[in-house]
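Atoms considered below: every heavy atom in the structure, side chains included; atoms not considered: hydrogens, waters and symmetry mates. Letters go in sequence order (proteins before strands), and every chain restarts at 1.
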Number of protein chains: 2
Amino acid sequence: MHYMKIEDEIKQPVFQSDYQKGYINLVYTAGWLQQQQQAAFREFDITLPQFNILRILRGQHPKPATVNLLIERMLDKTSNASRIVDKLEAKSLVTRTVCPSNRRAVDIRITDAGLDLLQRMDEGVMKRENGLQNLTAEEAVQLNTLLDKIRD
Amino acid sequence: MHYMKIEDEIKQPVFQSDYQKGYINLVYTAGWLQQQQQAAFREFDITLPQFNILRILRGQHPKPATVNLLIERMLDKTSNASRIVDKLEAKSLVTRTVCPSNRRAVDIRITDAGLDLLQRMDEGVMKRENGLQNLTAEEAVQLNTLLDKIRD
DNA sequence: TGCAAATATATGTACATACATTTAATGTCG
DNA sequence: CGACATTAAATGTATGTACATATATTTGCA
């Protein structure tokens with residue numbers, strides 16, 4: 001909604017270095033992309049973390065997933081997959097049953113309603129998720145290389 | 001604390017394209033960097049958004065800032081600068097006084113304690129903020145170019 | 001076997017975000 | 001001047017994150 005050029009929007013016009021600028025630019029751009037997605041999600045009454053968990057569950061379907069598995073695969077690590085699953089369960093998009101072979105664990109499964117929702121969302125989301133449309137294929141590779149290097 | 005290579009950590013081993021991979025990589029790396037900072041902030045009993053607002057206030061000092069100005073300059077836009085200022089005020093790091101020339105607005109100023117805190121943090125934070133240490137100068141420029149292009 | 005450590009999940013608290021609404025002060029225009 | 005829109009900030013509610021702790025089950029090993 002009020003995203004513009006990095007230099008204009010963050011009105012600290014002078015960056016101390018390309019490193020600092022890169023840092024801010026990175027955080028800012030990631031937020032920008034996420035917000036794009038979030039806006040698209042509103043009409044489906046679902047949040048980004050909820051969507052991400054639903055997709056993991058679809059990947060497992062018809063096998064169940066445990067909370068642990070969700071945490072492992074989530075982008076934004078957190079110990080609170082539990083509470084996100086709460087919300088999904090309240091909307092009948094997933095079910096929770098005690099795992100028979102390990103009663104500490106909980107089997108979480110996506111419901112038909114959940115699968116339906118994802119299917120309805122697929123098309124629009126794919127488009128968003130690419131989201132890096134302005135880059136050429138070569139630039140996308142370059143970006144990945146740089147990002148991996150940052151975290152080395 | 002459990003960040004690794006993007007392909008390993010996100011155990012969806014196959015990305016559909018470098019675009020999708022780039023998207024995920026971008027969000028993931030930004031989170032990684034932010035978490036690095038957050039960890040450094042803990043010993044100072046301050047959060048990242050609180051720190052960012054303090055720095056904007058230092059930039060204005062000794063002039064006051066209004067909530068509106070804070071919102072304009074914040075990285076993560078939000079309408080809740082108000083509540084972040086609440087926390088800073090509770091810690092006596094900022095003061096809030098009604099703006100004399102426009103009694104709807106509030107003049108927010110960083111206190112000496114706030115300036116002290118920032119000064120103590122400066123050194124360590126600078127190092128973190130670079131954070132892109134693994135990149136060469138040229139690569140940092142490249143990164144900025146790519147990110148700007150994404151948001152075009 | 002039995003008890004301590006490890007595991008799987010859930011819960012509590014503080015903070016932040018997103019969005020809508022409220023309250024107060026100021027502007028505007030008939 | 002006075003009704004009404006606009007602006008500035010604060011508040012309410014739902015959600016999510018970060019971190020610590022609690023609870024239940026299972027495992028390992030003396």
[X] side chain N/O closer than 4.0 Å to the phosphate oxygens (OP1, OP2) of [N]?
X	N	result
B/Gln38	D/dT17	no
A/Thr47	D/dG16	yes
A/Gln35	C/dA18	no
B/Asn68	D/dA9	yes
B/Arg96	D/dA9	no
B/Asn80	C/dT17	no

Separation of atom [atom1] in [X] from atom [atom2] in [N], rounded to whole Å:
X	N	atom1	atom2	value
B/Arg103	C/dA24	CZ	P	12 Å
A/Met74	D/dA18	CE	C1'	12 Å
B/Asn102	C/dA24	CG	C1'	11 Å
B/Arg83	C/dA14	CZ	P	16 Å
A/Ile46	D/dA14	CD1	C1'	15 Å
A/Phe41	D/dA14	CZ	C1'	18 Å
A/Leu88	C/dA10	CG	P	13 Å
B/Gln34	C/dA16	CD	C1'	12 Å

Original post:
So, B/Gln37 and A/Tyr23: side-chain donor and acceptor under 3.5 Å apart, yes or no?
Top reply: yes

Taking all atoms of both residues into account, what is the closest heavy-atom pair of [X] and [Y], and its distance?
X	Y	answer
A/Val141	B/Asp18	CG2-OD2, 3.3 Å
A/Arg151	B/Asn25	NH1-OD1, 2.8 Å
B/Gln119	B/Arg58	N-NH1, 4.3 Å

**OP:** Using a heavy-atom cut-off of under 4.0 Å over every strand shown, decide if A/Asp86 touches base, sugar-phosphate, or nothing.
**Re:** nothing

Original post:
How about A/Gln50 and A/Lys91: do any of their side-chain heavy atoms sit closer than 4.5 Å?
Top reply: yes

Original post:
Which of these nucleotides, C/dA16, D/dG16, C/dT9, is closest to any side-chain atom of A/Val106?
Top reply: C/dT9

Subject >> Nearest-nucleotide 5' precedence on DNA chain D, A/Lys87 against B/Thr66 >> reply: B/Thr66

Original post:
When the nearest nucleotide of DNA chain C is assigned to A/Arg42 and to B/Leu48 on a heavy-atom basis, which residue is associated with the more 5' position?
Top reply: B/Leu48

**OP:** Could you check B/Arg104 against A/Ile108 and say which one's nearest nucleotide on DNA chain C is further toward the 5' end?
**Re:** A/Ile108

